[in-house]
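Below, chain A is the first sequence line, B the second, and so on; all start at residue 1.
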Amino acid sequence: MQASRELCTFLRDSPWGRTLAAADLDLVLSSAVERVYQTGQSIVRTGAEADYWVGIMDGLAVQKVLSESGEQTALTAASSGTWFGEGTLMKHGRWQYDAVAQKETRVALIPMQVFQWLLDGSLGFNQFVARLLNARLGHFMELLAIGRLTRIDARVAHTLASLFDPYLYPDRPDLLPFSQSDIGLLAGVSRQRANAALKQLEADGLIETRRQGVRVLDVEGLRSR
DNA sequence: ACATTAAATTCGA
DNA sequence: TCGAATTTAATGT
């Protein structure tokens, strides 16, 4: 099946796509699949074999883990331009989390064999993946540090700032489309407490809250909380 | 936990 | 197809 025009453009203009040799790019374009998920649908499921590398074309997905008692917590989010799954693919493993669409989300899927082929043969692709892994490592180290902050406002502030990492979220929208309960999930605090923290951060001029969204005005201000 | 308000959906013209 | 009415979801306290 031939990829749609939009999908081709997305792949060709992606930071790694533009480094590829013509033959490799052709392989990517002819093997990539585009898929649309509705709100609440899972793009990947815990325990399933990972056989695709996933890029968000449009929309938003949150990566969640479920505890045995059925409680869930969100690890991180992926918005348009974000690629994920490389770690699991390189291990030939199973997904360790669910990636759930938070709104209608369009994704590009690169088959594992093609991912592997690029990893084996393309320097540019390797450089992209190395940087991505490094950015993610930094991201999770930051999350670990955030988890140890006792002040709830600071936790929420850092969580919001982490969603603004330019490498992990290339096309970060200025309005993060998260409800207050989503932010609670991501920051590991209750919805009520997230509400109070957001009000405080807004009063300090660091963010602007909307229904269903938060606009970040001062990332550095959030980080220095 | 409850009251309020905004958004989404249904229904009647 | 428009807008009022009703339901549902997010927010504020």
Side-chain angles (χ1 to χ4, degrees), chain A residues 4 6 34-46 54 56-82 84 95 97-107 139-140 142-143 145-166 168-225:
Chain A
S4 76
E6 263 181 301
E34 178 179 345
R35 210 168 278 169
V36 177
Y37 293 86
Q38 300 304 315
T39 306
Q41 290 186 313
S42 290
I43 299 163
V44 310
R45 285 177 194 284
T46 306
V54 185
I56 308 282
M57 297 172 70
D58 188 52
L60 180 75
V62 169
Q63 290 153 260
K64 299 176 178 183
V65 290
L66 292 166
S67 72
E68 294 149 41
S69 56
E71 288 184 36
Q72 62 174 20
T73 185
L75 298 175
T76 183
S79 57
S80 63
T82 304
F84 67 89
W95 297 110
Y97 50 82
D98 275 42
V100 182
Q102 294 297 107
K103 56 179 192 175
E104 185 172 300
T105 298
R106 229 150 28 98
V107 302
H139 177 75
F140 282 112
E142 190 189 350
L143 276 185
I146 292 170
R148 300 194 175 170
L149 293 172
T150 49
R151 291 166 303 140
I152 303 287
D153 288 11
R155 268 164 78 164
V156 173
H158 280 82
T159 301
L160 290 173
S162 77
L163 292 174
F164 249 58
D165 184 306
L168 291 177
Y169 305 105
D171 315 341
R172 71 188 115 139
D174 58 329
L175 184 67
L176 300 171
F178 294 111
S179 72
Q180 298 187 353
S181 38
D182 296 334
I183 291 166
L185 274 181
L186 288 162
V189 304
S190 72
R191 205 269 300 157
Q192 281 96 329
R193 197 58 190 76
N195 171 264
L198 290 169
K199 291 307 258 323
Q200 180 60 51
L201 296 172
E202 182 167 38
D204 296 343
L206 301 177
I207 60 172
E208 210 176 286
T209 63
R210 313 243 141 152
R211 211 181 168 78
Q212 295 266 45
V214 176
R215 170 167 281 114
V216 176
L217 303 175
D218 181 356
V219 195
E220 284 317 308
L222 289 173
R223 286 226 161 80
S224 62
R225 270 315 184 88

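- Between the side chain of Arg155(A) and the main chain of Gly188(A), a donor-acceptor pair closer than 3.5 Å is present.
- A donor-acceptor pair is defined here as one N or O able to donate and one able to accept, closer than 3.5 Å; no such pair exists between the side chain of Ser79(A) and the backbone of Leu60(A).
- Taking the six-membered ring where tryptophan is involved, the planes of Tyr97(A) and Phe84(A) are tilted, since the angle between them lies from 30° to 60°.
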Are there any protein N/O atoms within less than 3.5 Å of an N/O atom in nucleotides 6-13 of chain C, and if so, which ones and at what distance?
residue : atom : partner   : partner atom : Å
dA10(C) : O4'  : Arg211(A) : NH2          : 3.1
dA10(C) : N3   : Arg211(A) : NH2          : 3.4
dT11(C) : OP1  : Gln212(A) : N            : 2.8
dT11(C) : OP2  : Gln180(A) : N            : 2.7
dG12(C) : OP2  : Gln180(A) : NE2          : 2.7
dG12(C) : OP2  : Asn195(A) : ND2          : 2.6
dG12(C) : N7   : Arg191(A) : NH1          : 3.1
dG12(C) : O6   : Arg191(A) : NH2          : 2.7
dT13(C) : OP2  : Lys199(A) : NZ           : 2.9

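- Within 6.0 Å of CZ in Arg45(A) there are 12 or fewer heavy atoms belonging to other residues, nucleotides or ligands.
- Results of the side-chain contact (heavy atoms from CB on, under 4.5 Å) test with Phe178(A) over Leu163(A), Val214(A), Leu185(A) single out Leu163(A) as the only residue that passes.
- The pair Asp204(A)-Lys199(A) does not meet the salt-bridge criterion, since no charged nitrogen lies less than 4.0 angstrom from a carboxylate oxygen.
- Side chain to side chain, Thr46(A) and Asp98(A) meet the donor-acceptor criterion of an N or O pair below 3.5 Å.
- Taking 4.0 Å as the cutoff to heavy atoms of chain A, we find the contact window on DNA chain B bounded by dA1(B) to dA7(B).
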